[in-house]
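Notes for the one structure printed next.
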Amino acid sequence: MKVGIIGSGGREHAICENLKKSDKIDNLFCFPGNAGTSSIAENVSLDLENFEMLKNFILNNKIDLIIVGPEKPLVDGLVDYLEKYKIKVFGPNKISSQLEGSKIFTKELCKKYNIPTAKFGTFNKKADAKRFLEESNYPIVIKANNLASGKGVYISQNKIEGFLAVDEIFNGKFGIANNILIEEYLNGEEMSFFTVHDGVNFKYFGSAQDHKRVLEGDKGKNTGGMGAYSPSRLINDKLKKKIINKIIKPTLKGLNELGSKYKGFLYTGLMIVKGEPFLIEYNVRMGDPECQTILPKLKTDIVDIFLACCEEKLDEIEIKWSSKKSLCIVICSNGYPDNFKKNIEIENLDKITVQKDNYLFHAGTIKKDNKYYSIGGRVLNFVSMSDEFFTARANIFKKLKKLNWKNGFYRKDIGYKVIDK
Ligand code: AMP
Ligand code: GLY
């Protein structure tokens, strides 16, 4: 089989590595991929906004299956477009992708189907939002409605911070803003919960905890994710049932009533408050770096899962997992998530070897003349699986010492809640 993966991050490299393990795979294509995927797939540099060019490449090269990694092409309707040409594609359609593309869409769905989430209001005028903030309790959460790579969320401690957030969002910091969301601050512990869907059936696809803040102790600015561990320390069967019955099933019902089905990965971002799950956000894809953390635990052939999802046969498959614990540390360019330099050589990368239960997934890297260079904020992901989180993290530290990349940094406390108790 020929399979194509859309995206260029650590998530897509992890998906590629996992696909490569299947004896059903003949060729892999990555659109556009990174230095890591270039050694196991053909990297194809195409304008991903140009659906027609992408479709032509897929048809000309007889690619049997497309996996869409990131949210942007999903929200833009790539799945709907490719399916018109009878291309098999794993990922949700445009209607369902609004779960991530529009926070207000999701909040309205929550209201209609009684899904537990923070109380909220939407505002389309600066003055109205500020008037509301005059009379609110703090902290309070202020969010841009559109896609903002995890950065359009402010937790404001007082009115002054709140006003600043409203001004920044309406002044276009995250793109054109016609409205904003102001919501109650939920005080609990976060958890990421994953499911995989075929439009009719769905199955659990692991849990994780990611560390979104740039500094140790979960402080500083929000990032795309500095590291993660799986499973989450909060997950148990009772909580899993509550999440499925109170949050996921009513969401699918809501989508069905809009005439849509959900196919692909669904990432449910939750706040667990005194054992009760509240929906914070949906993402219509796997998380990054949660994907890199979870996929090494998967024992079932991932090609079978993707195909079953495209053929509405997920109920015929049993998804099996390793019981080991998995941890991922992300290495970033100095300066991230603000300004960072690009095209910096990662000198020792070719000296790093990984064996059984240890993985190195590339993100913002390219290879030129047999040398590796960083081209993104998040550059590399080191993952290790072990019976204990402590050992997994210690295994990664050994590799990082060897890498000794002076232009990058990482958080040394990933997994502190399950390790440094
Ligand atoms: P989001 O992009 O909606 O996931 O928000 C980014 C981060 O902001 C989340 O991962 C939480 O840490 C935090 N956050 C979002 N909404 C709330 C809320 N209502 N209460 C507390 N924290 C929140
Ligand atoms: N790790 C957070 C995300 O993928 O959105």
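Numbering of ligands and ligand atoms starts at 1, following listing order. Just so you know, residue 1 is the first one in the sequence shown, and it goes up from there. The basis for the numbers below is simple: all heavy atoms, side chains too, and nothing from hydrogens, waters or symmetry mates.
- Backbone and side-chain nitrogen or oxygen atoms of Ile280 are examined, and none is located within less than 3.5 angstrom of a nitrogen or oxygen of ligand 1.
- Any N or O atom pair closer than 3.5 Å counts here, and Glu281 shares no such pair with ligand 2.
- Here is the list of ligand 1 atoms found below 4.0 Å of a heavy atom in Met271: 21 (C), 22 (N).
- Considering backbone and side-chain atoms alike, Glu281 places an N or O below 3.5 Å from some N or O of ligand 1.
- A side-chain donor-acceptor contact under 3.5 Å links Asn358 and Ser384.
- Some N or O of Gly224 is nearer than 3.5 Å to an N or O of ligand 2, by distance alone.
- With sequence neighbours excluded, no residue forms a salt bridge (charged side-chain N to carboxylate O under 4.0 Å, His left out) with Lys55.
- For ligand 2, the atoms closer than 4.0 angstrom to any heavy atom of Gly287 are 4 (O).
- We find that Asp288 and Arg378 are joined by a salt bridge, their nearest charged nitrogen and carboxylate oxygen being less than 4.0 Å apart.
- Close contacts of ligand 2 with Asp210, meaning ligand atoms under 4.0 Å from a residue heavy atom, involve 1 (N), 2 (C).
- In this structure, Tyr204 has its ring center under 6.0 Å from that of Phe193.
- Ring centroids of His362 and Tyr372 are separated by less than 6.0 Å, placing the two rings close together.
- No hydrogens or angles considered: nothing links the side chains of Ser386 and Asp357 as a donor-acceptor pair under 3.5 Å.
- Among Leu186, Val153, Thr117, the residue whose heavy atom sits closest to atom 2 (O) of ligand 1 is Val153.
- Looking only at atom types and distance, the side chain of Tyr81 has no donor-acceptor partner in the side chain of Asp76 under 3.5 Å away.
- Aromatic ring centres of Tyr282 and Tyr267 lie farther apart than the 6.0 Å criterion allows.
- Not a single heavy atom of Gly225 sits less than 4.0 Å from an atom of ligand 2.
- Considering backbone and side-chain atoms together, Arg285 places an N or O closer than 3.5 Å to an N or O of ligand 2.
- If you check the side chains of Asn407 and Ser374, you find no donor sitting under 3.5 Å from an acceptor.
- For ligand 1, the atoms lying closer than 4.0 Å to a non-hydrogen atom of Glu183 are 16 (N), 17 (C), 18 (C), 19 (N).
- Less than 4.0 angstrom separates some heavy atom of Glu290 from each of these atoms of ligand 2: 1 (N), 2 (C), 4 (O).
- Residue-ligand proximity, Lys212 to ligand 1, at heavy-atom distances under 4.0 Å covers atoms 10 (O).
- Taking the six-membered ring for Trp and the full ring otherwise, the centers of Phe361 and Phe382 sit at least 6.0 Å from each other.
- Here is the list of ligand 1 atoms found below 4.0 Å of a heavy atom in Ala118: 19 (N).
- Listed by atom number, the atoms of ligand 1 under 4.0 Å from Glu184 heavy atoms are 18 (C), 19 (N), 20 (N).
- Contact annotation for Lys143 and ligand 1: only side-chain heavy atoms (C-beta onward) come within less than 4.0 Å of the ligand.
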